[in-house]
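Below is one structure; the comments refer to it alone.
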Amino acid sequence: MATEMEELVSFLASPSPQITKAAVDIVRGLTGSAEGLQSLANYSNALLPALSRLLTLPKEVSEAAAEALVNLSQNSSLAEAMVQLGLVKTTMDVLYKPECVIAQLLVMLLVNLTQLDAGVASVLQTEDEKVRGLYVMKLVRSFCRTAHESDDDAFEHVGSILVNISKQREGRKLLLDPKRGLLKQIIRQFDSNSTLRKKGVSGTIRNCCFEAENELQNLLLVSEFLWPALLLPVAGNKIYNELDRSKMPLELGTALSIEREPVNDPEIRIQALEAIYLIILQDAGRRAFWSVNGPRIVQIGYEDEEDPKVMGAYEQLGSLLVHSSSAEEPSSETTE
């Protein structure tokens, strides 16, 4: 005899829209508590495919199904099962249907699934050379094209997916591939007013800088956008004098000649400083940093900093600069 939970899951496949909607609403409610999640997890073999199939239905059903999957995917075992079920492909297929009205929930589901190595591999499409990177290119395009100044920013969480992807070397190599030009597109989103977007961009840049030893040239190919994204958050609040600005490229000098909104999130400032540190571990990266008057910017920014953890990141960077400058005399040349 079927248990109540088995009956509930079976109702998700009911031919009656009313029964299906009632069942998925109950399931969504259960995923809101630890006890409910645990009881549903025992029936995941039937539950996850049933919820997955509901993602293509009208909003009153698909939204509840997507919310339930987002909640369930916070459990790593269930997330693993979703990846094995092929839910990354299903999610991407539904996300890019013209009639999709649950984009934000689907993106949040991908954020959770890419917490797992298997989820990242699925998004990168590592097993199929012909389409490798296609999902990421689509997500980056959506991240960069959406009206992110509105309250309803369906793709702002893509930044978190990019951070998860860039934690793996395969993901970093894809983002740094100059032929695809993905990193340049991503960096330009740092101008957004959304802190979530900024954090996604800074975290992705920082992770990509772990490849600096082998991919420094590709990082510096986008230096026109890279240095402002890394240096402006840690430049402090002062308006820089003309002498300091004259040793910087135009985009940096102009930004530092006026009053500007501070980057209040300490995590973004730490990520920027860590990225700079990884770059200047390389000789060519250090020369590039001197060429934009980076040490002066870091010095002034440190004077304004009050957060102890961020100050620690400044000091780590400063110790490397002192060590390296004692070994070589920096060039006084500026970039064009």
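The residues of the chain are indexed from 1 along the displayed sequence. It should be emphasised that the depicted structure is a prediction, and the values quoted were computed from it without experimental measurement. What's counted below: heavy atoms across the whole structure, side chains too, no hydrogens, waters or symmetry copies.
- Each of N71, N75, L69 was scored for a side chain to side chain contact (heavy atoms under 4.5 Å, CB included) with T31, with one residue passing: N71.
- From C100, atom SG reaches atom CG of L105 across 9.0 Å, with rounding to the nearest 0.5 Å.
- Across all non-hydrogen atoms, the minimal contact from E80 to A118 is OE2-CB, 3.6 Å.
- In this structure, L72 CG and S77 OG are separated by 12.0 Å, a value rounded to the nearest 0.5 Å.
- Residue N237 comes nearest to P262 through the heavy atom pair OD1-CB, 3.5 Å, listed as atom of the first residue, atom of the second, then distance.
- R296 places none of its side-chain heavy atoms less than 4.5 Å from the side chain of L243.
- A distance of 8.5 Å separates CD1 in I205 from CD1 in I186, rounded to the nearest 0.5 Å.
- Residues Y43 and T3 meet the side-chain proximity criterion, which asks for heavy atoms closer than 4.5 Å.
- Salt-bridge formation is not detected for the pair K173/E211: no Lys NZ or Arg NE/NH1/NH2 atom is positioned less than 4.0 Å from an Asp or Glu carboxylate oxygen.
- K198 has no carboxylate O lying under 4.0 Å from a charged side-chain N of E156, or vice versa, which leaves the two without a salt bridge.
- Residues meeting the ring-ring contact (aromatic ring centres under 6.0 Å, His included) test with F190, sequence neighbours left out: none.
- Counting heavy-atom neighbours within 6.0 Å of E213 CD, excluding the residue itself, gives a total of 12 or less.
- For the 3.5 Å distance criterion, the side chains of S122 and Y135 fail to qualify, holding no donor opposite an acceptor.
- Within the structure, salt bridge (Lys or Arg N to Asp or Glu O under 4.0 Å) pairs that include any residue of residues 105-124 do not occur (at least two apart or interchain).
- Shown here is K309, whose NZ atom has no more than 12 heavy atoms of other residues, nucleotides or ligands within 6.0 Å.
- Taking Q125 as the reference, nothing meets the side-chain hydrogen bond (donor to acceptor under 3.5 Å, both in side chains) condition, with sequence neighbours excluded.
- Put simply, the side chain of I270 does not reach to within 4.5 Å of the side chain of R206, judged on heavy atoms.
- Closest of all the heavy-atom pairs between F11 and A23 is CB-CB, 3.6 Å.
- Residues T204 and S166 share a closest heavy-atom pair of CA-OG, 3.8 Å.
- With rounding to the nearest 0.5 Å, the separation of CZ in R286 from CD1 in I279 is 12.5 Å.
- A heavy-atom distance below 4.5 Å is found between the side chains of L8 and M5.
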Taking only distance into account, with no hydrogens and no angle test, what donor-acceptor pairs under 3.5 Å do side-chain atoms of residues 48-57 form with protein atoms, sequence neighbours excluded?
residue	atom	partner	partner atom	Å
T56	OG1	R53	O	3.2

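- Using a 3.5 Å distance cut-off with no hydrogens or angles, the side chains of Y302 and E315 do pair a donor with an acceptor.
- Considering only heavy atoms from C-beta on, F143 comes within 4.5 Å of R197 through its side chain.
- Taking both residues in full, the closest heavy atoms of I165 and V120 are given as CA-CG1, 4.1 Å, listed atom of the first, atom of the second, then distance.
- Evaluation of the salt bridge (Lys or Arg N to Asp or Glu O under 4.0 Å) test over residues 93-112, restricted to residues two or more places apart or in two chains, returns K89-D93.
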Practice problem: Could you please spell out the steps behind the salt bridge (Lys or Arg N to Asp or Glu O under 4.0 Å) verdict for E305 and R269? | Solution: CA-CA 10 Å; E305 187 57 58; R269 301 199 299 280; 2.9 Å; yes
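- To the nearest 0.5 angstrom, L216 atom CG is 11.0 Å from L278 atom CG.
- For the pair K138 and Y96, the distance from NZ or CZ to the six-membered ring centre is under 6.0 Å and the angle to the ring normal is within 45 degrees.
- Looking at P295 and F289, their side chains come closer than 4.5 Å, going by heavy atoms from C-beta outward.
- The two residues A272 and L230 come nearest to each other via the heavy atoms CB-O, 3.4 Å.
- Once rounded to the nearest 0.5 Å, the distance linking OG of S246 with CD of E242 reads 7.0 Å.
- Side-chain atoms of M248 and T254, non-hydrogen and from C-beta on, never get closer than 4.5 Å to each other.
- Among residue pairs with one or both ends in residues 19-33, those qualifying as salt bridge (Lys or Arg N to Asp or Glu O under 4.0 Å) are K21-D25, D25-R28, R28-E67; sequence neighbours excluded.
- Within the 4.5 Å cutoff, no side-chain heavy atoms of V9 are placed close to those of V27.
- With 3.5 Å as the limit, one finds a donor-acceptor pair spanning the side chains of Q18 and S16.
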